[in-house]
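Okay, so here's the structure we're looking at.
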Amino acid sequence: MRQTDRHFKFDWITILLFFMLAGFGWLNILSASHSGEIVDYFSFSEFYGKQLIFIVLSVVLITLILSIDSKFYERFSSIIYLASLLSLVGLFIFGKSINGATSWYDLGGMTLQPSEFAKAATALAVAKYVSDLQTDIKQFKHQLRIFVIIVIPAFLILLQKDAGSTLVYGAFFFVLYREGLPKIYLILGTLLIVLAICALKFGVILTIGIASIIVLSYYFTLKKRPSFLQPLLTLLIALLVAFGVRYTYDKLLPVHQKDRITIWLSLEKDADKLEKMKKEAAYNLLESEKAISSGGFKGKGFMEGTRTTGKFVPEQHTDYIFTTVGEEWGFIGSFSVVLIFVLLILRILHLSEFQKSQFSRVYGYSVGAILFIHFLINIGMVMGLIPTIGIPLPLFSYGGSGLWGFTILVFIFVKLDSNRINEW
């Protein structure tokens, strides 16, 4: 087929949903940045002015991404991944620390956060390895290699004390499950999370007792029982996890992170002490809940939120941007934002199923899973459903690195999807 005969059809629904979120996000950054004064929409010293520049540059970035041949992303995925790892390693030498996390490069007047771009690079690397003809995801050696691809950037980011971004890499296990990863990994992962929570909430001894009853009951109900070594090994792992989680909580976690977990699980038995901790350590959360609840059904109106204008919620233009939506746009606006996010994620997953190449399908599912984890954690955080974790709301929160990272993530898939007609 001649180059002139090739056809490309971009999915305009995905593109429209993307810009709806980015545009509405900018309006809320504008509202969260002002304090009642007359707004100069083109004041580039303000957060909303800078974000407008980031959005314009995103359009340039989109044009570049869509102009590159789709095969480029598969062919050079390994090089892109290695370059991303080098950018993460370089932070330990040249990185700038902000709020205790060494996650940024200072480029003279602006900062760049490579972890935001590492997600797309890792998604490309995972898609490349899984789609390789030599890869059999049901074999342990291939599972191990894929896990290494995922864990290396996650570990580097964790060392930079950016736990929020590290959690996002758990999204890839849902993608691998779609591609045939044995469900035992999801079961074990879920059980380990439950075990960790129980160890904190009820203590190590009681947790191991409950685990022993469950494991032994399962073992003795099997018609064909495996070696008794298996349940013993399972209990040993449970014991190590329970002790490890408890030791990490008691001895290793910084005070502010420990307090967040204590508040979330109500680990403090003294009600007065717990309430005091909430006021001291969960100030953001309490103010967030007040701002959202004050919006009611219809909200107070654009730039009319008293708690937003009064700067009651710290970092409201970044991780807590959803509180502005809740206060000024109310339930209607909040529901609309959630709906648009859900539609975008479902659209990407729907298109992924129609991909003719496994590479495009795996990458598409990675995009959907990463967006979902970000969305779930951020919304859950501002509503008090999960502990406070520093993670932005995709396309909404202020920041050039975050916006560009998600732009790259989404529009590489838009480009891959546009090439379906040319794949055989």
Side-chain angles (χ1 to χ4, degrees), residues 22 25-26 28-30 32-34 40 42-62 64-65 79-124 152-169 254 256-257 284 311 313-321 370 374 377-378 388-412:
W26 180 79
N28 284 277
I29 291 172
L30 169 62
S33 301
H34 95 293
D40 179 1
F42 299 100
S43 175
F44 299 123
S45 62
E46 300 289 343
F47 291 124
Y48 56 82
K50 294 177 183 178
Q51 189 73 4
L52 187 59
I53 296 176
F54 298 150
I55 293 174
V56 172
L57 292 177
S58 292
V59 176
V60 177
L61 186 59
I62 290 168
L64 177 63
I65 292 170
I79 296 176
I80 294 171
Y81 175 72
L82 290 175
S84 176
L85 293 185
L86 288 176
S87 70
L88 292 174
V89 172
L91 288 170
F92 296 105
I93 305 173
F94 306 106
K96 177 182 180 180
S97 294
I98 300 177
N99 295 329
T102 310
S103 304
W104 292 266
Y105 286 110
D106 188 350
L107 302 179
M110 67 172 291
T111 57
L112 198 67
Q113 188 175 4
S115 61
E116 295 294 344
F117 306 99
K119 287 172 275 195
T122 306
L124 288 171
I152 290 177
F155 182 68
L156 290 173
I157 293 170
L158 182 62
L159 291 179
Q160 297 159 14
K161 298 182 180 180
D162 186 359
S165 296
T166 303
L167 289 176
V168 175
Y169 286 81
H256 69 281
Q257 293 181 359
N284 283 26
K311 308 300 180 186
V313 183
E315 304 299 328
Q316 194 167 5
H317 60 291
T318 54
D319 296 345
Y320 283 86
I321 189 66
I370 290 170
H374 265 274
I377 293 178
N378 183 275
T388 300
I389 300 170
I391 191 169
L393 186 61
L395 311 178
F396 244 74
S397 296
Y398 168 79
S401 296
L403 179 61
W404 296 336
F406 285 113
T407 298
I408 293 171
L409 186 73
V410 171
F411 278 89
I412 286 179

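All residue numbers refer to positions in the sequence shown, counting from 1.
Taking all atoms of both residues into account, the shortest heavy-atom contact from P114 to S103 is CD-O, 3.4 Å.
Evaluation of the side-chain hydrogen bond (donor to acceptor under 3.5 Å, both in side chains) rule for H374 yields K119 as partners, not counting sequence neighbours. Annotation: side-chain contact (heavy atoms from CB on, under 4.5 Å) contacts of A154 (sequence neighbours excluded): T166, Y169. Every side-chain contact (heavy atoms from CB on, under 4.5 Å) that L107 has, sequence neighbours left out, goes to Y105, M110, L112. Applying the ring pair (Phe, Tyr, Trp, His ring centres under 6.0 Å) test to F411 and every residue at least two apart in sequence or in another chain returns F18. Residues that satisfy the side-chain hydrogen bond (donor to acceptor under 3.5 Å, both in side chains) test with T122, not counting sequence neighbours, are absent from this structure. Every residue two or more places apart in sequence or in another chain that forms a side-chain contact (heavy atoms from CB on, under 4.5 Å) with A32 is listed here: T308, Q316, H317, I321, T324. For I152, the side-chain contact (heavy atoms from CB on, under 4.5 Å) partners at least two apart in sequence or on another chain are Y81, L85, V148, L156.
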Extract all donor-acceptor atom pairs below 3.5 Å that involve side chains of residues 391-409 and protein atoms in other chains or at least two apart in sequence.
{"residue": "S397", "atom": "OG", "partner": "T318", "partner atom": "O", "Å": "2.6"}
{"residue": "S397", "atom": "OG", "partner": "L393", "partner atom": "N", "Å": "2.9"}
{"residue": "S401", "atom": "OG", "partner": "Q113", "partner atom": "N", "Å": "2.8"}
{"residue": "W404", "atom": "NE1", "partner": "F54", "partner atom": "O", "Å": "3.1"}
{"residue": "W404", "atom": "NE1", "partner": "S58", "partner atom": "OG", "Å": "3.4"}
{"residue": "T407", "atom": "OG1", "partner": "L403", "partner atom": "O", "Å": "2.7"}

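The local environment of CZ in F92 is crowded, with over 12 non-hydrogen atoms from other residues, nucleotides or ligands closer than 6.0 Å.
Each of S87, P153, S165 was scored for a side-chain contact (heavy atoms from CB on, under 4.5 Å) with S115, with one residue passing: S165.
With rounding to the nearest 0.5 Å, the separation of CG in L167 from CD1 in I377 is 5.0 Å. The CD atom of E46 sits 9.5 Å away from atom CG of L30, with the distance rounded to the nearest 0.5 Å.
Remark: side-chain polar atoms of N378 are paired, donor with acceptor, to backbone N or O of D319 under 3.5 angstrom.
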